[in-house]
J.: 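Please read through the structure below; I'll follow up with questions.
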Number of protein chains: 2
Amino acid sequence: MRKPTIKDVARRSRVSLKTVSRVINNEPGVLERTRARVQRAVAELDYQPDQSARSLRSAKSYALGLVYDNPNPYYVISLQSGVLSVCRETGYGLQIHPCNSTSPRLADELSALVRNARLAGLVLAPPMSERRELIEHLAAEKIAFVRILSAAEDPRDGYPCVFVDDRDAAYDITEHLIQLGHTRIGFLWGGESHRSSPERFKGYEAALKDYAIPLDKKLIVPGDYSFDDGFRGARKLFALKDRPTAIFGSNDEIAAGVLAAAKAGGMDVPWDLSIAGFEDSPFSKQSWPALTTAKQATEEIARHATLLLLASLERSDDAPHGNKGFSPQLVIRDSTARVRVPPSGN
Amino acid sequence: MRKPTIKDVARRSRVSLKTVSRVINNEPGVLERTRARVQRAVAELDYQPDQSARSLRSAKSYALGLVYDNPNPYYVISLQSGVLSVCRETGYGLQIHPCNSTSPRLADELSALVRNARLAGLVLAPPMSERRELIEHLAAEKIAFVRILSAAEDPRDGYPCVFVDDRDAAYDITEHLIQLGHTRIGFLWGGESHRSSPERFKGYEAALKDYAIPLDKKLIVPGDYSFDDGFRGARKLFALKDRPTAIFGSNDEIAAGVLAAAKAGGMDVPWDLSIAGFEDSPFSKQSWPALTTAKQATEEIARHATLLLLASLERSDDAPHGNKGFSPQLVIRDSTARVRVPPSGN
DNA sequence: ATTTTTGTTGACAACGTTGTCATGCATTTG
DNA sequence: CAAATGCATGACAACGTTGTCAACAAAAAT
């Protein structure tokens with residue numbers, strides 16, 4: 001009982017190989033009667049076309065690659081499940097490819113991957129999606145891709161992308177804190193290597209400016225998107241003479257670190273300190289108190305990106321269509337509250 | 001500048017196609033001189049064999065499938081990275097396949113997946129690895145697989161597996177609580193669908209028995225491996241007349257729920273209540289206080305399982321070799337402490 | 001009635017690789 | 001010295017599919 005081939009289907013439905021091929025590829029020019037007969041045979045034999053043979057012959061392929069370099073499991077899983085959901089619907093396979101975004105050989109690694117595993121295209125998550133020379137290398141090799149990137153607007157650079165307006169959302173978070181009466185708001189940076197990091201900072205900066213709150217450099221701490229940097233950064237801020245009454249961590253993990261530092265320092269959140277994160281990871285719901293944050297619809301974003309990639313695969317005109325922007329939404333939970341001691345000025 | 005093929009290599013090194021094939025597959029019976037000449041040509045052309053053609057012709061394949069149904073991103077990511085690390089070393093690709101373990105059509109779905117994407121074999125994570133009829137279906141279809149399962153010892157059922165002794169580790173955790181003076185220890189179950197759940201319960205049960213502590217059914221709450229069930233279960237226990245002084249959640253997520261419930265109820269952990277989890281997810285380090293738990297070396301386990309699968313692929317004798325057991329290790333952090341009010345008896 | 005067009009189908013080669021078997025040469029054996 | 005063996009290599013077919021092009025019938029245009 002070996003695997004049925006197109007030959008078996010052809011024999012059973014009394015047509016040629018080619019006609020079967022036409023039916024399973026939904027090509028036009030087959031009589032409805034014939035099509036139905038073939039489809040019945042396909043169903044009866046439980047025939048499934050062989051991907052290797054298919055892609056060998058047609059030089060097309062039926063697998064996508066998902067390229068990321070992100071230590072955050074929640075983010076990665078959401079990414080995967082968004083891409084996968086589209087793959088399931090369209091019959092594509094998915095190869096995941098975590099990698100090191102700082103590797104100088106990344107461009108070669110990716111083109112080897114695509115050629116070698118015959119991938120139809122790549123979904124590039126940040127920060128790979130932000131490396132200009134990588135993008136151009138891929139484009140030069142005629143490798144199809146779509147980018148997910150952090151930007152306030154469509155870069156209009158001719159390559160397809162889905163962009164997420166982190167700046168806007170960071171503005172909302174900062175504004176939320178300001179409206180609670182906070183004026184000394186600490187900001188903990190994410191990594192240098194992700195463009196989302198400066199974007200979020202810009203949002204923070206802009207909100208302060210709009211509310212005429214002077215930017216105090218001592219309240220701004222560099223660091224990475226990690227719990228430990230959140231912890232350390234918070235400690236640094238706590239040691240200040242004039243402590244912040246609120247801290248905005250560039251992502252939930254940083255915020256979790258701040259939360260831990262606050263508790264270690266005997267503070268009562270949110271009364272002694274308001275804390276906000278970014279991302280809406282499950283962690284933010286499950287910490288105590290639950291974190292105010294910005295909800296990124298990562299799965300939805302990944303879905304859209306994948307759809308976009310597939311669309312660009314179909315049509316060979318290379319003008320990108322359907323680039324789309326997303327805006328994370330403010331989610332107010334229990335880690336932010338009205339400032340307790342209003343600034344002496346009021 | 002199209003992709004070089006085996007033909008180009010053959011032409012360049014002045015040998016036949018077949019000899020090149022022999023070289024790239026490391027087959028014996030090629031003169032060292034010839035081999036070197038071919039290898040030089042391969043390097044010069046940057047030739048990479050085409051996987052589609054390879055697997056089409058040889059019916060072998062160069063991709064594995066990872067099958068799981070687990071809502072826990074930390075676990076899944078560790079699993080993936082363990083399997084991937086072996087794939088990288090051996091040149092295999094990886095297709096991930098999250099699925100619904102309760103689907104009745106799962107067996108068909110998996111065999112279709114394997115045939116369709118020409119997978120060389122499957123790594124089955126719990127709970128798929130525990131479904132007897134699924135295992136037998138796959139074996140009957142001659143699909144290679146390896147199981148990761150929760151069991152105290154090698155099942156010796158003729159199919160390859162890596163087993164994790166959850167019972168033993170749960171014993172250790174319970175013992176740790178007992179040695180801190182706790183005698184009323186709540187137990188929150190994980191899901192019905194994972195065998196790890198009863199295994200962990202057995203460990204709890206056995207430790208109580210060994211220390212002659214009567215098992216109080218009111219302290220045992222059913223539920224799933226989720227934060228919400230941890231939260232609800234804890235509330236239920238708190239409502240008891242004779243409250244537990246410690247709670248053992250079947251995984252870290254449950255324990256996180258307990259922690260949240262304790263804080264919501266104004267308790268001070270660990271002084272008012274000791275809490276232990278299971279898994280050593282990053283969450284357990286980052287919560288406040290950090291959770292006492294059992295560290296599962298998931299990545300290492302996945303690595304070993306993959307290696308085992310690959311080994312069983314090489315040799316066709318079907319006696320499984322190298323089945324291996326792992327034992328999670330107790331990790332004591334800050335969420336467990338000596339009981340404050342010793343039982344009246346002492 | 002004949003030619004052209006349109007629509008449906010099939011024969012055949014090709015994709016890049018590996019398995020089978022044959023070839024030729026050098027070495028050992030009787 | 002002839003025959004048998006071993007070793008390195010190559011010719012060729014095959015894997016399952018799709019692209020190209022030709023064949024044919026029916027319908028439409030002349």
Side-chain angles (χ1 to χ4, degrees), chain A residues 2-39 41-42 45-63 91 93 112 114-120 316, chain B residues 2-39 41-42 45-63 91 93 112 114-120 316:
Chain A
R2 52 169 236 309
K3 182 175 170 179
T5 76
I6 201 171
K7 264 186 185 166
D8 303 313
V9 178
R11 211 170 6 244
R12 188 172 185 110
S13 48
R14 325 261 218 83
V15 294
S16 71
L17 297 186
K18 183 63 222 200
T19 301
V20 178
S21 171
R22 277 191 265 261
V23 171
I24 60 185
N25 289 294
N26 263 313
E27 286 171 33
V30 180
L31 228 49
E32 208 41 63
R33 270 170 27 77
T34 318
R35 187 180 295 273
R37 206 164 72 238
V38 172
Q39 272 160 348
V42 166
L45 294 173
D46 186 28
Y47 164 75
Q48 308 226 201
D50 182 297
Q51 300 298 358
S52 309
R54 236 144 118 94
S55 60
L56 171 59
R57 177 58 232 221
S58 63
K60 282 177 206 156
S61 106
Y62 302 89
V114 170
R115 287 197 327 191
N116 191 43
R118 275 194 190 264
L119 300 181
S316 44
Chain B
R2 53 169 233 309
K3 183 174 169 178
T5 77
I6 201 172
K7 264 187 185 165
D8 302 314
V9 179
R11 209 169 8 242
R12 189 174 185 108
S13 49
R14 324 258 220 86
V15 293
S16 70
L17 297 185
K18 183 64 222 201
T19 300
V20 177
S21 171
R22 276 191 265 261
V23 172
I24 59 185
N25 289 294
N26 262 313
E27 286 171 33
V30 180
L31 228 49
E32 209 40 62
R33 270 170 27 78
T34 319
R35 187 180 296 274
R37 205 164 73 238
V38 172
Q39 272 161 348
V42 166
L45 293 172
D46 185 28
Y47 164 75
Q48 309 227 200
D50 182 298
Q51 300 298 358
S52 308
R54 234 142 117 96
S55 60
L56 170 59
R57 176 59 234 219
S58 64
K60 281 177 208 155
S61 103
Y62 301 89
V114 169
R115 288 195 327 189
N116 189 43
R118 277 196 190 263
L119 300 181
S316 45

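A note on names: the letters A, B, ... follow the listed sequences, proteins ahead of strands, and every chain is numbered from 1. The analysis underlying the following values was restricted to heavy atoms, covering all of them including side chains, and did not include hydrogens, waters or symmetry mates.
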J.: Taking the side chain of B/Leu56 as heavy atoms from C-beta outward, which of C/dT9, D/dC15, D/dA11 is closest to it?
T.: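 Nucleotide nearest to B/Leu56's side chain: D/dC15.
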J.: Rounded to whole Å, please give me the gap between CZ in A/Arg37 and C1' in C/dT8.
T.: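 Computing the A/Arg37:CZ to C/dT8:C1' distance gives 12 Å.
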J.: Starting the side chain at C-beta, find the nucleotide from C/dT18, D/dG19, C/dG16 nearest to B/Thr5.
T.: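 In terms of side-chain proximity for B/Thr5, the closest of C/dT18, D/dG19, C/dG16 is C/dG16.
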J.: Can you tell me the distance, in whole Å, between the CD atom of A/Glu27 and the P atom of C/dG7?
T.: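 Checked: the CD to P distance equals 16 Å.
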J.: Between A/Ser16 and C/dG10, is there a side-chain N or O to OP1/OP2 distance below 4.0 Å?
T.: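 True: A/Ser16 side-chain N/O within range (under 4.0 Å) of C/dG10 OP1/OP2.
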J.: Quick one: B/Asn26 CG to C/dT18 C1', roughly how many Å, whole number?
T.: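 Answer to the nearest Å: 15 Å.
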J.: Going by atom types only, do A/Arg118 and A/Ser55 share a side-chain donor-acceptor pair under 3.5 Å?
T.: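 No donor-acceptor contact under 3.5 Å links the two side chains.
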J.: Can you work out whether B/Arg14 or B/Arg118 has the more 5'-proximal nearest nucleotide on DNA chain D?
T.: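 On the 5' side of the pair lies B/Arg14.
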J.: Kindly indicate whether the side chain of A/Arg22 and the base of C/dG10 share any N or O donor-acceptor pair separated by less than 3.5 Å?
T.: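 Checked by distance alone, the answer is yes.
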J.: Base, sugar-phosphate, or nothing for A/Leu31, non-hydrogen atoms under 4.0 angstrom?
T.: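 Sugar-phosphate contact only - A/Leu31 comes under 4.0 Å of backbone atoms but never of a base.
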J.: Is any side-chain nitrogen or oxygen of B/Tyr62 closer than 4.0 Å to OP1 or OP2 of C/dT17?
T.: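 No, B/Tyr62 has no side-chain N/O under 4.0 Å of OP1/OP2 on C/dT17.
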J.: Taking only N and O in the side chain of A/Arg54, is any of them less than 4.0 Å away from OP1 or OP2 of D/dT18?
T.: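 Yes.
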J.: A/Arg57 CZ to D/dT17 P: how many Å, rounded?
T.: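 So the two atoms are 13 Å apart, to the nearest Å.
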J.: What's the CZ-C1' distance between A/Arg115 and C/dG16, to the nearest Å?
T.: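 Rounding to the nearest Å, CZ of A/Arg115 and C1' of C/dG16 are 14 Å apart.
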J.: Measure from the side chain of A/Thr19, starting at C-beta and using heavy atoms only, and say which of D/dG19, C/dT18, C/dT9 lies closest.
T.: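 Looking only at heavy atoms from C-beta outward on A/Thr19, the closest nucleotide is C/dT9.
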J.: Any non-hydrogen side-chain atom of B/Arg11 less than 4.5 Å from a side-chain atom of B/Asp8?
T.: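 Contact flag for B/Arg11/B/Asp8 side chains = yes.
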J.: Starting at atom CG of B/Asp8, determine the distance to atom P of C/dT17, rounded to an integer number of angstrom.
T.: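 Rounding to the nearest Å, CG of B/Asp8 and P of C/dT17 are 9 Å apart.
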J.: By nearest atom, which of the nucleotides C/dT17, C/dT20, D/dT17 is closest to the B/Leu17 side chain?
T.: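 Of the candidates, C/dT17 comes closest.
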J.: Do B/Asn26 and B/Arg35 come within less than 4.5 Å of each other through their side chains, counting heavy atoms only?
T.: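 Touching, per the 4.5 Å side-chain cut-off.
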J.: Does a side-chain heavy-atom distance below 4.5 Å link B/Thr34 with B/Arg22?
T.: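 Side chain of B/Thr34 against side chain of B/Arg22, heavy atoms only: no contact under 4.5 Å found.
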J.: Does the side chain of B/Arg54 come within less than 4.5 Å of B/Asn25's, by heavy atoms?
T.: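 Yes; the side chains approach each other to less than 4.5 Å.
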J.: Tell me whether the side-chain N/O atoms of B/Lys60 come closer than 4.0 Å to OP1 or OP2 in C/dG19.
T.: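 Yes.
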J.: Take the protein atom CD of B/Gln48 and the nucleotide atom C1' of C/dG16, then report the distance between them rounded to whole Å.
T.: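 Computing the B/Gln48:CD to C/dG16:C1' distance gives 14 Å.
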J.: Need to verify one output field. Residue with the more 5' nearest nucleotide on DNA chain D, B/Val15 or A/Tyr47?
T.: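 Residue closer to the 5' terminus by nearest nucleotide: B/Val15.
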J.: Can you find a heavy atom in the side chain of A/Thr5 that is under 4.5 Å from one in the side chain of A/Asp50?
T.: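 Not in contact.
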J.: Side-chain N or O of B/Ser58 less than 4.0 angstrom from OP1 or OP2 on C/dT17?
T.: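 So the side-chain polar atoms of B/Ser58 never come under 4.0 Å of the phosphate oxygens OP1 or OP2 of C/dT17.
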J.: Any N or O donor-acceptor pair linking the side chain of A/Lys7 to the base of D/dG16 at under 3.5 Å?
T.: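 In this structure, the two groups form no donor-acceptor pair.
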J.: Would you say C/dT17 has OP1 or OP2 under 4.0 Å from some side-chain N or O of B/Ser21?
T.: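 False: B/Ser21 side-chain N/O out of range (4.0 Å or more) of C/dT17 OP1/OP2.
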J.: Closest to the B/Thr34 side chain: D/dA8, D/dG19, C/dT8?
T.: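 Selected nucleotide: D/dA8.
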J.: Let me know the distance between CD1 of B/Ile6 and P of C/dG19, rounded to the nearest Å.
T.: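 Whole-Å distance recorded here is 11 Å.
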J.: Counting only side-chain heavy atoms from C-beta out, which of C/dT18, D/dT9, D/dG10 sits nearest to B/Ile24?
T.: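 Nearest to the side-chain atoms of B/Ile24, counting from C-beta on, is C/dT18.
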